[in-house]
Amino acid sequence: MDRLLIRGGTPLRGRVKVNGSKNAALPIIAAALLTGDRVIIEEVPDLLDVRTMIAVLEGLGTAVDYHPEGGRLRVVSGDPPLAAPHARLVSRMRASFLILGPLLARKKEVSLPLPGGCAIGTRPVDLHLKGLAAMGAEFAIVNGAVVGRTAGLRGAQIYLDFPSVGATENIMMAATLACGTTILENAATEPEIVDLANFLNSMGASVVGAGTPRIRIEGVSALGGTRYSIIPDRIEAGTLLLAGIITGGDLIVENVLPDHLKALKAKLMEAGAIVEEVGPAAMRAAANGLTAAVDLKTAPYPGFSTDLQPQFMALLALSGGIGTITETIFENRFRHIEGLNRMGAQIQVEGRRAIVRGQPSLSGAPVIAPDLRGAAALLLAGLAAGGETELCGLEHLWRGYGRLEERLASLGARIELVSEESEWAMQTGG
Ligand code: UD1
C-alpha cells in the first residue's frame with residue numbers, strides 16, 4: 001500500500017506550474033469518438049482517470065497513442081463500427097458515462113453500466129437520459145446497464161432541471177451529429193464546457209453559447225480530425241494556491257486562467273490572505289497572518305466549486321474564528337472531516353452544513369483519503385500540521401493530481417512517497 005509521509009510546518013515558497021484540466025480532458029477524449037479521423041489532444045494530464053478513459057476507448061477498438069511526458073494524445077477511432085464497451089472498465093469511473101452521447105450519435109446503440117452510488121453520493125444520470133430521449137433515443141435498464149437505441153438523433157429543445165456538468169456534455173456531444181438544431185436551456189456554464197465546445201467546433205461542429213445557460217447546437221452530418229490543446233486545471237491551481245496559504249508560505253502558481261478562480265480568490269481575500277494576478281496566466285498566493293473565518297456555500301459555476309470545498313475546509317480548520325461551509329452539489333461530500341478532526345480540527349456536521357471552529361494548530365496523524373478532493377484536503381492539512389502525517393488511500397489522489405508530491409517537494413515541502421516495494425526493500429535490506 002503506497003503512503004505519503006508528510007512532515008508539516010514548512011512554508012511553501014517558489015513557482016509551480018499547473019497541468020492540463022482533468023475535467024476538460026475526460027469529455028474531450030470521449031468526444032474524439034465522434035469522428036473516425038485522427039484527433040490530437042495536447043496538455044493531457046497524466047492521471048489515473050485519464051488512463052482509465054484511454055483504456056475505455058481502447059476497449060472499443062480505438063487506436064490511442066499517449067505520450068504522458070509531452071501530454072500529447074492521439075486518437076483514431078476509424079470507420080469500422082466501434083466495439084461494445086467493457087462493463088468492468090466503464091463501471092470503475094463515473095466519467096466513463098461520457099461515452100454515451102458520442103456512441104449513440106455514431107453507433108445508434110449502446111449498452112453502458114449505470115454508474116450507480118459512489119463515494120460522494122448517489123449521483124444519478126436521469127438528466128443525461130432525459131435529454132438524449134428528447135432527441136429520439138430510447139433507453140431501458142437491463143441487468144444494471146443502460147441500453148440505448150435510436151433510429152437517428154434529431155435536434156430538440158431541452159431544459160435541464162439542474163445544470164449538470166456531465167448531462168450538458170453528453171447532450172452537447174450527441175447533438176453535434178443530430179439532424180437539426182438542439183437548444184439546451186439551464187446548461188452548466190463551467191469552463192470545461194466551453195473547452196469541450198471549442199474542441200467540438202474545431203472538429204467542424206456548430207456549438208454557440210457554451211459558457212452561458214443557453215447552448216445552441218446545429219447538427220452536422222460528420223465531424224473531422226483536429227489538433228487541440230486543453231485548458232489548465234482550475235481545481236489543481238486552486239489546491240496549490242491553498243497549499244501556499246495554509247503553510248504560511250508565498251507561491252506563484254503558473255499556467256492558470258485567473259478568470260476561472262474568481263470565487264476562490266474572493267473567499268481567500270475575505271479570509272485575509274493575499275491573492276493576486278501576476279501576469280496573464282499566473283497568480284500569487286501568500287498568507288497574511290491568521291486566516292479569518294468565513295462562511296461559504298458551494299454552487300454551480302461561477303459559484304464556489306464543490307471540488308475546492310474540502311481543501312478550503314482544511315484552511316478554515318486553522319482560522320481564527322468559527323466559519324461554516326454549506327455543500328449544495330453533492331449530498332455526501334464531507335467524508336474528509338473525519339481525517340481533519342483526527343488531526344485536531346473541530347468540525348461538526350449539521351445536515352449539509354459543516355461548522356468549522358478554527359484551531360491555532362493541527363497535529364499530524366495517520367489518515368485515510370476518502371475520495372479525490374478529500375485526499376487533497378488531508379494532504380494540505382498535513383503540510384500545515386505539526387509532526388508527521390501518514391496519508392493512505394493514494395489511489396484517490398492519483399485520480400486527479402499528477403506527481404503532486406514531487407511538485408510540493410520542489411516548493412520546500414517535506415513529503416515522501418513510500419511505496420510497498422521500497423518498504424519491502426528496507427525490511428529485507430534489498
Ligand atoms: C462534474 C465533475 C466533478 C464536479 C461536478 C460538479 C467531471 C469529470 N467531473 O461531475 O469533478 O464535482 O461536475 O461540479 O467533470 N445529477 C442528477 N442527475 C443527473 C446528473 C447529475 O441529479 O443526471 C446531480 C448529481 O447527483 C449531483 C449534481 O447533479 O448531485 C451535480 O452533478 P454533475 O454536475 O452532473 O457532476 P458530474 O458531471 O458528475
Side-chain angles (χ1 to χ4, degrees), residues 20-31 44-45 47-50 52-53 56 90 92-101 112 114-134 139 141 146 148 158-174 184 186-197 199 213 230-231 233-236 238-239 260 263-264 297-312 326-336 352 371-377 396 399-401:
S21 160
K22 167 178 91 71
N23 287 353
L26 296 175
I28 285 175
I29 296 171
V44 177
L47 306 169
L48 221 48
D49 275 7
V50 165
T52 303
M53 191 57 105
V56 168
V90 170
R92 216 193 273 168
M93 179 179 73
R94 178 178 164 87
S96 312
F97 207 69
L98 293 170
I99 64 174
L100 182 74
L112 277 187
L114 270 171
C118 81
I120 54 171
T122 50
R123 304 181 88 177
V125 289
D126 55 318
L127 301 172
H128 301 235
L129 302 184
K130 245 168 98 179
L132 295 168
F139 294 103
I141 309 294
V146 175
I158 299 166
Y159 171 82
L160 291 180
D161 295 327
F162 178 85
S164 153
V165 172
T168 301
E169 292 168 343
N170 248 332
I171 295 165
M172 204 163 85
M173 290 188 279
L184 185 53
N186 201 27
T189 61
E190 269 72 359
E192 294 77 20
I193 305 279
V194 179
D195 212 32
L196 174 61
F199 172 76
I230 283 173
I231 53 168
D233 195 310
R234 65 193 164 102
I235 307 302
E236 186 183 84
T239 305
H260 296 173
L264 175 68
K297 203 185 221 183
T298 62
Y301 190 83
F304 193 97
S305 170
T306 176
D307 287 351
L308 285 169
Q309 176 265 104
Q311 302 89 312
F312 200 93
T326 307
E327 172 59 57
T328 73
I329 307 294
F330 293 115
E331 74 265 30
N332 188 15
R333 208 169 211 185
F334 280 153
R335 300 188 341 137
H336 46 282
R352 292 202 148 199
D371 51 44
L372 165 55
R373 305 304 169 186
H396 293 296
R399 281 190 46 214
Y401 296 93

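All ligand and atom numbering here is 1-based and tracks the order in the structure. Here, residue 1 is the first one in the sequence, and each next residue gets the next number. Values reported hereafter were calculated over all heavy atoms of this structure, with side chains retained and with hydrogens, waters and symmetry mates removed.
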Run the numbers on Glu169 and Glu190 for side chain to side chain contact (heavy atoms under 4.5 Å, CB included), then give the verdict. CA-CA 10 Å; Glu169 292 168 343; Glu190 269 72 359; over 6 Å; no
Heavy-atom contacts with [X] under 4.0 Å: which atoms of ligand 1 show up? List them by number with element.
| X | value |
| --- | --- |
| Gly166 | 35 (O), 38 (O) |
| Pro124 | 16 (N), 17 (C), 18 (N), 19 (C), 20 (C), 21 (C), 22 (O), 23 (O), 26 (O) |
| Phe162 | 28 (C), 29 (O), 31 (C) |
| Ile329 | 27 (C), 28 (C), 30 (O), 31 (C) |

Could you check [options] and say which one makes a side-chain contact (heavy atoms from CB on, under 4.5 Å) with [X]?
| X | options | result |
| --- | --- | --- |
| Pro300 | Ile329, Thr189, Val165 | Ile329 |
| Ser21 | Leu26, Asp233, Ile28 | Asp233 |
| Val90 | Leu114, Leu112, Thr52 | Leu112 |

Is Glu331 in polar range of ligand 1, meaning some N or O pair under 3.5 Å apart?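 No, Glu331 has no N/O under 3.5 Å of an N/O on ligand 1.
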Please confirm whether Ser164 comes within less than 3.5 Å of ligand 1 when only nitrogen or oxygen atoms on both sides are compared.
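It does: an N or O of Ser164 is found under 3.5 Å from an N or O of ligand 1.
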Practice prompt. State whether Lys22 and Glu192 are salt-bridged, where the test is any N-O pair (Lys NZ or Arg NE/NH1/NH2 against Asp/Glu carboxylate O) under 4.0 Å.
Written response: no
Under a 4.0 Å N-O cut-off, is there an ion pair linking Asp49 with Arg399?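 Result for this pair is yes, salt bridge flagged.
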Does ligand 1 have a heavy atom under 4.0 Å from the side chain of [X], from its backbone, from both, or from neither?
| X | answer |
| --- | --- |
| Asp49 | neither |
| Arg94 | side chain |
| Asp126 | both |
| Ala167 | neither |
| Leu127 | both |
| Arg333 | side chain |

Can you tell me how far the CG atom of Leu372 sits from the CG atom of Leu47, to the nearest 0.5 Å?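 Between Leu372 CG and Leu47 CG, I get 9.0 Å after rounding to 0.5 Å.
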Pick from Ile193, Leu98, Asp307: the one approaching atom 4 (C) of ligand 1 most closely through a non-hydrogen atom: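 Of the listed residues, Asp307 has the closest heavy atom.
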Out of Val125, Thr306, Leu372, Val165, the nearest non-hydrogen contact to atom 33 (P) of ligand 1 is supplied by Val165
Residues passing the salt bridge (Lys or Arg N to Asp or Glu O under 4.0 Å) test with Glu236, sequence neighbours excluded, are Arg407
Problem set entry | Heavy-atom check, side chain of Thr168 versus side chain of Pro163, under 4.5 Å | no
Residues at least two apart in sequence or cross-chain that pass side-chain contact (heavy atoms from CB on, under 4.5 Å) with Asp307, listed by chain then number, are Asn23, Ile235, Ser305, Arg333, Arg373
Looking at ligand 1, is there an atom of it that comes within less than 4.0 Å of some heavy atom belonging to Glu192? no
